[in-house]
Amino acid sequence: MHNIKDIRKDFNNFKEKLKNRNIDTDLDNIISLDEQNRKLIQEKETLEMEKKTISKSKDQKLFEKSKELSVKIVEINKNQSNLQSQIDSILSSIPNLPLSDVPIGQDENANVEIEKKGEIKEFDFKPKTHFELGENLNMLDFDLATKTTGSRFVFVKKQLAQLERALSNFMIDTHTQKNGYTEISPPLIATDETMYGTGQLPKFENDQFEIKLDADEGRKFLIPTAEVILTNIVKNQIINKDDLPIRVVASTPCFRKEAGSYGKDTKGMIRQHQFYKVELVSIVENDKCAEELERMSNAATMILDELKLPYRKIILCTGDMGFSAEKTYDIEVWLPSENRYREISSCSSCGSFQARRMKARYKDKNNSKEFLGTLNGSGLAVGRTMIAIMENYQTQDGSILIPEVLKPYMPNIDKISIN
RNA sequence: GGAGAGAUGGCUGAGCGGUUGAAAGCAUCGGUCUUGAAAACCGACAAAGGGGCAACUCUUUCCUGGGUUCGAAUCCCAGUCUCUCCGCCA
């Protein structure tokens with residue numbers, strides 16, 4: 001959420017930067033609405049002041065006049081709050097502004113690779129896809145999921161299920177023990193207000209699973225990522241500067257409708273309605289965001305380093321970034337079956353964009369209240385990491401070797417094979 | 001599901017229908033004192049919005065939404081949330 005004052009003050013800058021984000025926002029309109037709105041506010045306040053004076057005077061002769069004023073005020077107020085909500089609704093649909101070091105571009109083709117690491121293994125056979133491997137092992141069952149639930153779900157079985165669980169634990173342990181994150185096991189359901197706070201609502205409602213708890217309760221959603229619930233920890237709060245930074249990690253299922261991705265990644269478990277993800281969230285003083293983003297993305301790549309999976313790190317261009325982000329690194333892992341890199345983590349700095357929506361602030365040195373900076377990143381997507389391990393660690397007979405660092409989490413197993 | 005209690009500034013906590021935006025305490029910040037720190041003392045300290053180059057000024061806000069009144073933190077109605085007790089249950 002942007003401050004309308006900033007838009008007013010720096011209109012051209014906003015227009016320019018939003019143009020780079022590749023979306024059409026009615027910025028001109030919001031300015032004229034804002035002008036009308038302020039005019040009404042002035043009218044209203046003048047009347048209110050008059051009314052207040054009368055009531056203070058306790059002069060009975062003026063009471064009649066005061067009643068008349070009330071009627072006028074109600075009238076103006078109606079129009080004004082109408083305008084206000086129009087403004088708010090436009091405002092809440094405007095994405096964050098990209099930082100100046102973000103490359104300008106239309107789509108993913110303009111993303112810039114900034115790091116490449118790990119050795120891509122040469123297979124002396126044709127590497128199988130993860131779903132071939134999984135189905136041959138009898139450990140990934142998509143048909144069963146279709147029967148019980150529908151498309152884009154999967155049953156993971158036996159040692160693969162164990163591998164998935166091991167990955168989750170390994171990642172959390174790494175982040176808590178080496179990267180200074182605090183483990184959280186959060187609710188998987190969020191209110192509409194919470195969803196609004198991180199920017200999933202109102203614009204991306206179509207991607208969310210809404211659920212009904214009680215007939216008369218407010219709206220509730222399954223979280224599409226733990227970012228939502230973890231970031232909102234500071235919602236409506238004023239944090240003491242000494243308590244920053246806050247760094248939390250959680251492994252949770254995530255639920256996404258994946259609307260608009262029909263026909264994309266329909267095979268296998270690359271794109272599911274439900275998947276596990278280990279999520280990192282940092283809450284910092286807002287001028288420390290850039291620094292924290294480096295730290296966070298390094299925490300994410302540390303996992304890949306330890307798993308010895310080849311990856312690259314790219315910086316997303318203005319047109320490819322998410323709604324709330326001011327800068328995003330994607331980390332992509334090598335998938336032999338596709339002969340290319342696929343996204344396995346996305347680390348974003350949101351600046352104070354989300355904090356403004358959440359009304360999350362901190363008290364800085366001279367006692368003034370500032371909006372916090374928030375960052376989130378996958379550390380990593382567990383399902384996709386499992387895919388990467390299956391494909392990169394496969395052997396000719398369709399077995400899967402266990403990476404060294406996972407062995408403590410999978411005692412007595414060297415490899416996963418048909419048994 | 002049944003019964004009660006409550007919701008006020010960063011926190012704790014007063015509050016009579018009319019200079020109450022709100023006592024007091026804590027915390028925080030500035031200062032005096034001190035070699036330094038602590039203590040003590042003095043001072044500052046809510047947010048959002050509008051107007052103004054500025055000093056400043058105005059409006060709104062005491063859980064939310066309605067209502068009564070010239071005037072509501074204070075009275076009435078509805079709702080939300082929290083806590084305690086009982087029941088049920090992973």
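Between A/L91 atom CG and B/A48 atom P the separation is 16 Å, expressed in whole Å. In this structure, CD of A/Q60 is placed 16 Å from P of B/G18, rounded to the nearest angstrom. Between A/N236 atom CG and B/A46 atom C1' there is a gap of 15 Å when expressed in whole angstrom units. Rounded to a whole Å, the CG atom of A/D192 is 13 Å from the C1' atom of B/U80. Computed from coordinates, the A/K241 NZ to B/C11 C1' distance equals 20 Å when rounded to whole Å. Atom CG in A/D242 sits about 13 Å away from atom C1' in B/G10, given to the nearest Å. We find that NZ of A/K52 is positioned 7 Å from C1' of B/U59, with the value rounded to whole Å. Rounded to whole Å, the distance from NZ on A/K51 to P on B/U60 is 9 Å.
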Heteroatom pairs (N/O) under 3.5 angstrom, protein to nucleotides 49-55 of chain B:
unit_1	atom_1	unit_2	atom_2	d
B/G49	N2	A/E45	OE1	3.4
B/G49	N2	A/E45	OE2	3.1
B/G50	OP1	A/R8	NH2	2.7
B/G51	OP1	A/R38	NH1	2.9

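With respect to the salt-bridge test (charged N to carboxylate O, under 4.0 angstrom), the residues A/K147 and A/D143 do not qualify. Using a 4.0 Å cut-off between a side-chain N of Lys or Arg and a carboxylate O of Asp or Glu, A/E285 and A/K288 qualify as a salt bridge.
Within 4.0 Å of A/I54, counting heavy atoms only, lies no atom of the nucleic acid at all. Using a 4.0 Å heavy-atom cutoff across all strands shown, A/K65 reaches no nucleic acid atom at all. Contacts of A/S55 with the nucleic acid, taken as non-hydrogen atoms under 4.0 Å apart, include base atoms.
Taking the C1' atom of each, B/A46 and B/C11 are spaced 13 Å apart, rounded to whole Å. The separation of B/U28 from B/G9, taken at their C1' atoms, amounts to 14 Å, rounded to a whole angstrom. Across the P atoms, B/A54 and B/G50 are found 13 Å apart, a figure rounded to whole Å. The C1' atoms of B/A55 and B/G66 are separated by 42 Å, rounded to the nearest whole Å. Comparing the P positions of B/C41 and B/G25 gives a spacing of 11 Å, expressed to the nearest Å. For the C1' atoms, the distance from B/G10 to B/C29 is 13 Å, rounded to whole Å. Straight-line distance between the P atoms of B/U74 and B/U8: roughly 14 Å, to the nearest whole Å. The same atom, C1', is picked in B/A14 and in B/A24; the two are 7 Å apart, to the nearest Å.
The partner of B/U64 is B/A78, by the rule that a Watson-Crick or G-U pair needs both atom distances under 3.5 Å. Shown here, B/C83 forms a base pair with B/G4; the pair counts as Watson-Crick or G-U wobble because both key distances fall under 3.5 Å. Pair check for B/U20 finds none; no Watson-Crick or G-U wobble contact set falls under 3.5 Å. Across all strands shown, B/U32 is found opposite B/A40 as a Watson-Crick or G-U wobble partner, with both distances under 3.5 Å. In this structure, B/A27 forms no base pair with any nucleotide, since neither Watson-Crick nor G-U wobble geometry is met with both distances under 3.5 Å. Nucleotide B/A48 is matched to B/U59 when pairs are restricted to Watson-Crick or G-U wobble geometry with both distances under 3.5 angstrom.
A distance of 9.5 Å separates CD of A/Q274 from CG of A/L188, quoted to the nearest 0.5 Å.
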Would you check, one step at a time, whether the test side-chain hydrogen bond (donor to acceptor under 3.5 Å, both in side chains) holds for A/D173 with A/Y409?
CA-CA 11 Å; A/D173 287 349; A/Y409 296 88; 2.7 Å; yes

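Between A/F153 and A/H273, the ring planes lie tilted relative to each other; the angle falls in the 30° to 60° range.
Not counting sequence neighbours, the partners of A/K415 by the side-chain contact (heavy atoms from CB on, under 4.5 Å) test are A/D397, A/S399, A/L401, A/S417.
Map A/F371 and A/S66 each onto its nearest nucleotide of RNA chain B; the residue landing nearer the 5' end is A/F371. Position along RNA chain B of the nearest nucleotide to A/E48 versus A/K58 favours A/K58 as the more 5'-ward residue.
Evaluated for a side-chain contact (heavy atoms from CB on, under 4.5 Å) with A/E205, the options A/K257, A/R219, A/M195 yield exactly one hit, A/R219. Of the options A/L307, A/L160, A/I416, a side-chain contact (heavy atoms from CB on, under 4.5 Å) to A/I389 is made by A/L307 and by none of the others.
Contact annotation: A/K363 side-chain N/O to B/C45 OP1/OP2 distance is not under 4.0 Å. Distances shown here put a side-chain N or O of A/K369 below 4.0 Å from the OP1 or OP2 atom of B/A47.
Of the possible donor and acceptor atoms, none in the side chain of A/Q80 sits under 3.5 Å from a partner among the backbone N and O of A/I41.
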